[in-house]
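Structure first, then comments.
Excluded from the calculations below are hydrogen atoms, water molecules and symmetry mates; all remaining heavy atoms, backbone and side chain alike, are included.
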Amino acid sequence: MIIKIIKNILTSVLNTKIIKICDESKKHKTFTTNYSHFKIIIVSDDFKKYNLLKRHQKIYYLLSTCISKYKIHGLALYTYTIQEWEIKLNKNCTSPACAKQHIKKLK
C-alpha cells in the first residue's frame with residue numbers, strides 16, 4: 001500500500017521511465033514500525049536540470065507528507081537521467097547499512 005502511494009506521488013510529478021521501490025524495512029530490525037525504510041530508483045530526464053543534491057531534495061519534498069504520516073525513517077535514493085541509467089545499468093544499487101547497526105558494530 002505505501003509503495004503504491006509513494007509511486008503515485010512521484011509519477012504524478014515526474015515523467016519517469018523507470019521507477020522501482022523496494023521495502024527494506026526488514027534489514028532494519030531496530031525500528032518498531034513496518035515500512036520504515038525504502039530504496040527508490042528513479043530514471044527520468046526531468047533530472048537533467050538538477051544536480052544530485054537537488055534531485056534528492058525534490059524527492060524528499062514530494063514525499064514529505066508521506067514520510068511523516070507513515071513514519072518512514074530512511075530512503076535510499078538513486079536518481080538518474082536516462083543516459084546516466086544506461087551507463088549504470090550493469091552496476092548494483094546497494095543501500096547503505098542502517099546507522100544504528102553501524103553504531104552497534106563500533107561499540
Side-chain angles (χ1 to χ4, degrees):
M1 179 176 129
I2 295 174
I3 290 175
K4 188 174 182 178
I5 292 168
I6 292 170
K7 186 174 186 175
N8 287 341
I9 291 168
L10 295 175
T11 57
S12 71
V13 176
L14 298 170
N15 182 21
T16 58
K17 179 177 179 183
I18 297 170
I19 184 164
K20 296 179 184 181
I21 304 169
C22 303
D23 178 10
E24 296 188 331
S25 303
K26 288 180 175 59
K27 294 180 181 180
H28 305 273
K29 296 176 184 176
T30 57
F31 291 89
T32 57
T33 58
N34 293 331
Y35 309 111
S36 61
H37 293 74
F38 294 92
K39 174 170 64 174
I40 303 173
I41 300 170
I42 305 172
V43 179
S44 172
D45 272 346
D46 291 353
F47 293 137
K48 281 184 176 181
K49 55 190 168 199
Y50 301 116
N51 64 28
L52 184 62
L53 177 62
K54 293 288 185 191
R55 294 175 188 187
H56 287 209
Q57 287 173 335
K58 183 165 186 68
I59 301 302
Y60 272 98
Y61 174 77
L62 294 172
L63 296 179
S64 60
T65 302
C66 186
I67 289 168
S68 60
K69 181 177 180 179
Y70 295 104
K71 297 179 174 54
I72 296 172
H73 176 75
L75 295 176
L77 300 176
Y78 299 90
T79 55
Y80 304 101
T81 64
I82 294 169
Q83 183 179 13
E84 291 166 343
W85 179 250
E86 289 170 356
I87 294 167
K88 178 78 174 165
L89 210 55
N90 294 319
K91 297 179 183 165
N92 191 10
C93 295
T94 306
S95 298
C98 182
K100 286 189 176 182
Q101 291 170 346
H102 281 300
I103 293 168
K104 285 180 182 178
K105 289 179 183 177
L106 294 174
K107 289 182 180 180

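Listed here is the closest heavy atom pair of Thr79 and Phe47: CB-CE1, 3.7 Å. Of all heavy-atom pairs between Lys88 and Tyr80, the closest is CE-OH, 3.1 Å. When all heavy atoms of Leu14 and Asp46 are compared, the pair lying nearest together is CA-OD2, 3.4 Å. The two residues Phe38 and Asp23 come nearest to each other via the heavy atoms CD2-CA, 3.8 Å.
For Thr16 (side chain) and Ser44 (main-chain N/O), no donor-acceptor pair under 3.5 Å exists by modelled atom type. At least one donor-acceptor pair under 3.5 Å links the side chain of Asp45 to the backbone N or O of Ile82.
Using a 4.5 Å cut-off on side-chain heavy atoms (C-beta onward), Leu63 and Ile72 make no contact. Contact annotation: the side chain of Leu10 approaches that of Ile40 to within less than 4.5 Å [non-hydrogen atoms, C-beta and beyond].
Here the CD atom belonging to Glu84 is positioned 9.5 Å from the NZ atom belonging to Lys48, to the nearest 0.5 angstrom. One finds the NZ atom of Lys49 at 13.0 Å from the NZ atom of Lys54 (value rounded to the nearest 0.5 Å). In this structure, Ile67 CD1 and Leu75 CG are separated by 4.5 Å, a value rounded to the nearest 0.5 Å. Expressed to the nearest 0.5 Å, how far NZ of Lys7 lies from NZ of Lys4 amounts to 9.5 Å. Rounded to the nearest 0.5 angstrom, Ile9 CD1 and Cys66 SG are separated by 4.5 Å. Atom-to-atom distance recorded for Ile41:CD1 and Ile19:CD1 is 10.0 Å, nearest 0.5 angstrom.
A chain of hydrophobic side-chain contacts below 4.5 Å, direct or via other Ile, Leu, Val, Met, Phe, Trp or Tyr residues, connects Tyr60 to Ile6. Placement of Leu53 and Tyr50 in two distinct hydrophobic clusters is found when ILVMFWY residues are connected by side-chain heavy-atom separations under 4.5 Å, directly or transitively. Note on Leu52: it does not cluster hydrophobically with Leu77, by side-chain heavy-atom contacts below 4.5 Å among ILVMFWY residues.
When the shell of 6.0 Å around CD of Gln57 is examined, it contains more than 12 heavy atoms from other residues, nucleotides or ligands.
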